[in-house]
Number of protein chains: 2
Amino acid sequence: MSAIGDVARLAGVAKATASRALSGRGYVSTETRAKVVAAAQEIGYVASPNAASLVTGRTQSVGVIIPFISRWFFGEVLESVEQALLDQGYDMTLYNLPPESLERDRVFDFFLARKRFDGIISVGVALSEREVEHLHRLGRPLVGIGGPIRGTTTIEIDDVAAARLATEHLLSLGHRDIVHVGGSQVDEMDFHVHSNRLRGFQAAMMAAGLSVSGCFYSAEFTMPGGYERGLAILGDPRRRPTAIFAASDEIAFGLILAARELGIRVPTELSVIGIDGHPYAEMFRLTTLAQHPRAQGGLAVRTLLAELATKDGTKLHTRRESTAPDQTDTDGTSDSIVLATNLVIRSSTSAPRARVTHGS
Amino acid sequence: MSAIGDVARLAGVAKATASRALSGRGYVSTETRAKVVAAAQEIGYVASPNAASLVTGRTQSVGVIIPFISRWFFGEVLESVEQALLDQGYDMTLYNLPPESLERDRVFDFFLARKRFDGIISVGVALSEREVEHLHRLGRPLVGIGGPIRGTTTIEIDDVAAARLATEHLLSLGHRDIVHVGGSQVDEMDFHVHSNRLRGFQAAMMAAGLSVSGCFYSAEFTMPGGYERGLAILGDPRRRPTAIFAASDEIAFGLILAARELGIRVPTELSVIGIDGHPYAEMFRLTTLAQHPRAQGGLAVRTLLAELATKDGTKLHTRRESTAPDQTDTDGTSDSIVLATNLVIRSSTSAPRARVTHGS
DNA sequence: AGGCTTCATGGAACCGGTTCCATGTTGCTC
DNA sequence: GAGCAACATGGAACCGGTTCCATGAAGCCT
């Protein structure tokens with residue numbers, strides 16, 4: 001269609017001047033700029049980002065890797081990341097890599113290897129040494145959400161602490177017979193979320209002098225997952241706990257539904273607490289430790305763009321002359337930014353009923 | 001980093017030959033190709049898509065516009081679209097445009113106007129005349145999901161028919177006192193889904209000789225939305241219907257929860273049917289009219305890529321010489337591909353209890 | 001053996017921008 | 001009024017590929 005050359009011709013200036021006028025870089029007189037802008041407007045000129053990328057090395061777009069799209073946490077992160085990037089004029093290209101994805105290598109070796117992104121955000125995907133290495137070699141900033149990645153800034157919550165706080169809430173209400181329903185070790189490959197929450201639970205229990213053996217059940221991280229586990233755990237009245245700490249709100253919802261189905265009153269006969277701050281928590285009156293995925297997404301984008309701005313001094317476009325001796329760039333700030341969670345108390349938790357001593 | 005020139009030099013051939021060898025276009029002897037491939041392998045060469053796009057006009061990437069990410073239907077579509085595109089070597093760039101988005105114009109005029117995409121998929125976003133016009137002018141294929149867009153191939157289900165079928169299921173069980181809980185007119189701007197489902201409901205009711213006045217209640221398209229409406233509708237025992245047709249499974253879940261909370265048995269005292277085929281339907285034992293968003297997404301991609309392949313003959317790269325007289329390209333196949341839905345009967349629906357005649 | 005087609009390869013133009021460098025202008029200082 | 005900095009602009013190189021065109025070597029036909 002219309003190229004910048006056409007704009008220049010129409011405005012009666014050189015390509016170089018038109019470029020400067022439109023991009024705002026370098027010296028251009030006010031009148032010239034006006035002429036160029038008018039010409040561009042007239043023929044409906046829109047710059048080709050490809051051409052610009054080719055010479056500047058900047059693409060104005062960011063790649064995002066994520067294992068799930070429709071699970072609440074990930075959907076929220078995605079929405080906030082997209083929003084923040086759009087605000088700053090960046091495109092977001094999405095790679096959905098479920099835990100067992102066969103495409104994984106192809107995404108890393110082919111899609112991400114092309115210099116198509118100014119930076120990459122990895123959400124809840126545990127990267128292998130090789131993969132991190134691979135991405136670092138691209139010389140593009142990489143920011144993670146949801147767990148530490150070696151040599152990379154990561155936004156996360158303190159899962160151990162969150163789990164401990166949730167458990168302590170139950171303990172403080174007087175519960176002694178507490179069970180944790182969390183993610184299975186098998187799904188764990190995707191991050192340490194599951195085991196961290198389990199550890200937090202165990203830490204709190206042990207600090208209270210309670211045994212943790214037999215207190216953990218695994219479930220899928222979904223409402224049906226919690227529901228099924230709930231039916232199994234609560235089915236046997238003699239082994240029924242007085243409180244359950246669920247590793248996610250969705251699991252907690254499922255547990256509550258299972259309890260209702262079995263005629264067990266929440267919270268009178270069973271307290272349930274979750275982690276997430278899911279929008280449905282209000283409806284289920286669920287007490288939960290709220291995390292804020294949108295804040296995490298927004299912060300990830302700000303962090304990435306800040307690193308990008310810093311790196312701006314150092315020409316992104318690797319000039320062949322500057323044969324820097326393959327520095328591994330380990331100076332990369334490997335901080336882990338921990339965001340706060342907060343306890344939202346609703347009516348799914350309360351003190352346990354007066355204890356009925358078993359067996360006598 | 002490494003450019004194709006480096007590969008060529010290492011292999012001892014010209015850039016042109018290296019390009020042919022790697023892209024597989026044009027004549028290259030087997031040995032030469034081997035040499036080039038080996039050289040490329042050796043220095044870890046990865047082609048720059050930007051440079052290629054610049055000359056070919058193809059970007060190997062597709063833009064997707066979608067109003068929600070975390071709602072079930074949209075998440076599913078997104079996952080399947082991404083998957084299908086990745087399979088074919090395409091990138092997916094995502095634009096999240098919620099109904100009231102202020103970014104809307106910016107996305108159309110700036111982000112989508114740059115020749116960055118080979119095609120565009122619009123999911124559940126009603127496009128204005130101007131926007132369609134705008135996209136068509138780019139000369140890139142456009143495929144819609146979820147509703148007709150003038151002059152564009154669209155993948156959809158027959159919402160009217162699906163609603164009618166759902167309603168007929170309730171009627172065939174003997175229900176006469178049926179209520180429809182669907183999307184509000186206000187959200188409607190995003191598509192005709194809401195009003196189409198309402199129309200299907202009304203058609204079935206009227207065909208059965210029943211009045212439809214006062215039989216419709218609007219709700220947010222979420223579980224809490226259905227829950228709240230459910231409490232209101234079912235709260236008054238005298239005006240309680242024997243069956244509810246919910247416009248979405250999530251609404252249906254909410255209705256079921258409300259019923260349980262009010263001590264109303266499903267399906268004995270209240271039948272509930274939804275539309276969607278949500279994965280949680282199993283857990284809620286919900287009878288529903290299943291649609292298949294993944295199939296819709298996959299088909300949309302296949303359709304788009306097919307149009308792209310056709311257009312391939314006609315040089316995508318508009319050569320300045322071919323000053324074709326601004327043809328509006330109204331030949332565009334404006335088909336609407338309608339995908340099937342199917343009734344999945346579970347135990348949220350049954351015949352109504354023996355009728356208790358009111359008032360006497 | 002001469003002429004043609006098919007295959008192989010290199011040189012150079014080109015896609016559409018950005019940026020370096022050279023060449024002028026002004027305007028201000030001493 | 002000479003000297004110098006800041007401002008304006010154009011020409012040309014360049015980013016990294018693809019493709020057109022020309023040249024040449026085989027292989028085949030008559």
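All chains are named by letter (A, B, ...) in the order of the sequence lines, taking the proteins before the strands, and each is independently numbered beginning at 1.
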Nearest whole Å is fine: how far is [N] [atom2] from [X] [atom1]?
X        : N      : atom1 : atom2 : value
B:Arg58  : D:dT19 : CZ    : P     : 11 Å
A:Ile4   : D:dC14 : CD1   : P     : 20 Å
B:Arg116 : C:dG17 : CZ    : C1'   : 13 Å
B:Arg25  : C:dA8  : CZ    : P     : 17 Å
B:Gln60  : D:dG17 : CD    : C1'   : 14 Å

Select one nucleotide: of [options], the one nearest the side-chain heavy atoms of [X].
X       : options                : result
B:Leu54 : D:dA12, D:dT18, D:dG16 : D:dG16
A:Val28 : D:dT9, C:dA12, C:dT18  : D:dT9
B:Ala14 : D:dG17, C:dG17, C:dG10 : C:dG10

So does [X] pair up with [Y], basic N to acidic O under 4.0 Å?
X        : Y        : value
B:Arg116 : B:Asp91  : no
B:Glu133 : B:Arg130 : no
B:Arg104 : B:Asp109 : no
A:Lys15  : A:Asp6   : no

Evaluate the side-chain proximity of B:Ile337 to B:Thr303: yes if any heavy-atom separation is below 4.5 Å, no if none is.
yes
Select from A:Arg33 and A:Lys15 the residue whose nearest nucleotide in DNA chain D is closer to the 5' end of that strand.
A:Arg33
Grab the two heavy atoms, one from [X] and one from [Y], that are nearest each other, plus how far apart they are.
X        : Y        : value
A:Ala113 : A:Leu138 : O-CD2, 3.5 Å
A:Leu142 : A:Ser122 : CD1-CB, 4.4 Å
A:Thr154 : A:Gly146 : CG2-N, 4.2 Å
B:Leu308 : B:Asp118 : CD1-O, 3.3 Å

Between B:Gln60 and B:Gln88, does any side-chain donor sit less than 3.5 Å from a side-chain acceptor?
no
Tell me which residues in residues 36-51 of chain A lie within less than 4.0 Å of DNA chain D, going by non-hydrogen atoms.
none
Identify whether any heavy atom of A:Arg20 sits under 4.0 Å from a base atom; if not, whether one sits that close to sugar-phosphate; answer base, sugar-phosphate or nothing.
base
Give A:Ser19 one of three labels, base, sugar-phosphate or nothing, depending on what nucleic acid heavy atoms sit under 4.0 Å from its own.
base
Got a second to check how far B:Leu97's CG is from A:Leu86's CG, nearest 0.5 Å?
7.5 Å
Rounded to the nearest 0.5 Å, what separates atom CZ in A:Arg106 from atom CG in B:Asp87?
6.5 Å
Does a nitrogen or oxygen in the side chain of [X] sit under 4.0 Å from OP1 or OP2 of [N]?
X       : N     : answer
A:Tyr27 : D:dA8 : no
A:Ser29 : D:dT9 : yes
A:Thr32 : D:dT9 : yes

Could you go over nucleotides 24-27 of chain C and give all protein N or O partners under 3.5 Å, atom names and distances?
none

Helical bend (five base pairs per end, nearest 10°) for the helix from C:dA1-D:dT30 to C:dC30-D:dG1
40°
